[in-house]
> 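Here you go, one structure.
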Amino acid sequence: MAARIIDGKALAATVRREVAEGVAALVAGGAPKPELAVVLLGDDPASHVYVSNKVRQTEAVGMHSRRYLLEASTTESQLLNLIEDLNRDSSVSGILVQFPLPSHIDTARVVTAIRPEKDVDGFNPLNVGRTAAGMEGGLVPCTPLGVMRLIKSVHKDIAGLDALVVGASNVVGRPMARLLLRELCTVSIAHIKTTDLERRCREADILVVATGVPALVRGRFIKPGATVIDVGITRIRSEGFEKLVGDVAFDEAVQVAGAITPVPGGVGPMTIACLLANTLSAARTQATRRKAAAEPGTVAFG
Ligand code: GUN
């Protein structure tokens, strides 16, 4: 029997609706409108498209947005100064610096400079550490957060399931594994040096693939009934047409899996929806802290 197709577009619309309601409730309670600041260096066309989508969707759920389009030649210290200004600006709830950054800029220094409570990408080491320690309340990277929502649309409870994450990037693979572990899955990570990928994939009840290698995972790799989440998205030319393909050979996998995300229309739409959710969550935390700080005799901490 063919797998259930997990509809990321529909779930992303639900998340956006929830965020819009959350924004309205926050503002009705007297807090300022949340605001997302997005910073982009250089003229990479794909990054410009991503940033425009982020800004448009932020405004569509009732939040403010700001966009800083900087030259690729911007120095690291100029970028760090801008981040510090945004850190101090109380009207900014969330800061996102679009990757990839030009090679003269140290990405680790940039993510560390963003204050953890405004780090809507969840890349600051403090937020990374919170998730790694199994703690709730930190900001979590958007794509893995979206993948968890997709998995939970299939499974009520994932504790005890075998999960394999293929790909060990800081943006997807590693945070994904930390989230699955926090939910008590038995988690493995496969990466570029992993041997016998096929056998390892076949042991997984939940298989998350994030490598950027088109059709790396074939139908025969998949455990019958498994939930397969395909994070990859690559533009290829096939028979004279351009098309988007994932890291999983969909036509084969759909015959074996229990549930599977399509490409496009699976993980992609969830990433920006979860960025909006993170921005709302950051704004809520900041509003709570401001309120606590304004109340006499209360000590604000965190
Ligand atoms: N470039 C590709 N994915 C991402 C992401 O999740 N966050 C940022 N900041 N840049 C990206």
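Counting starts at 1 for both ligands and their atoms, following the listed order.
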> Can you tell me how far apart CG (Asp162) and CZ (Arg202) are? Round to the nearest 0.5 Å.
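Between atom CG of Asp162 and atom CZ of Arg202 there are 14.5 Å.
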
> Got a sec: does the CZ of Phe99 have more than 12 other heavy atoms crowding it under 6.0 Å?
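More than 12 within 6.0 Å, yes.
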
> Less than 3.5 Å apart, N/O on ligand 1 and N/O on the protein: could you list those pairs with the distances?
| residue | atom | partner | partner atom | Å |
| --- | --- | --- | --- | --- |
| ligand 1 | 1 (N) | Gln98 | NE2 | 3.3 |
| ligand 1 | 1 (N) | Phe99 | O | 3.1 |
| ligand 1 | 7 (N) | Asp121 | OD1 | 3.0 |
| ligand 1 | 7 (N) | Asp121 | OD2 | 3.3 |
| ligand 1 | 9 (N) | Val97 | O | 2.8 |
| ligand 1 | 9 (N) | Asp121 | OD2 | 2.5 |
| ligand 1 | 10 (N) | Phe99 | N | 3.0 |

> Could you grab the distance from atom CE of Met135 to atom CZ of Arg182, nearest 0.5 Å is fine?
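Those atoms lie 10.0 Å apart.
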
> Less than 4.5 Å apart, any side-chain heavy atom of Arg56 and any of Asn53?
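In contact.
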
> Flag the pair Glu203 and Arg199 as a salt bridge only when some basic side-chain nitrogen lies within less than 4.0 angstrom of an acidic carboxylate oxygen.
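Between Arg199 and Glu203 there is a salt bridge, with a charged N closer than 4.0 Å to a carboxylate O.
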
> Quick check: does any side chain N or O of Asn87 sit under 3.5 Å from a backbone N or O of Ala113, one acting as donor and the other as acceptor?
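Checked: pair present.
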
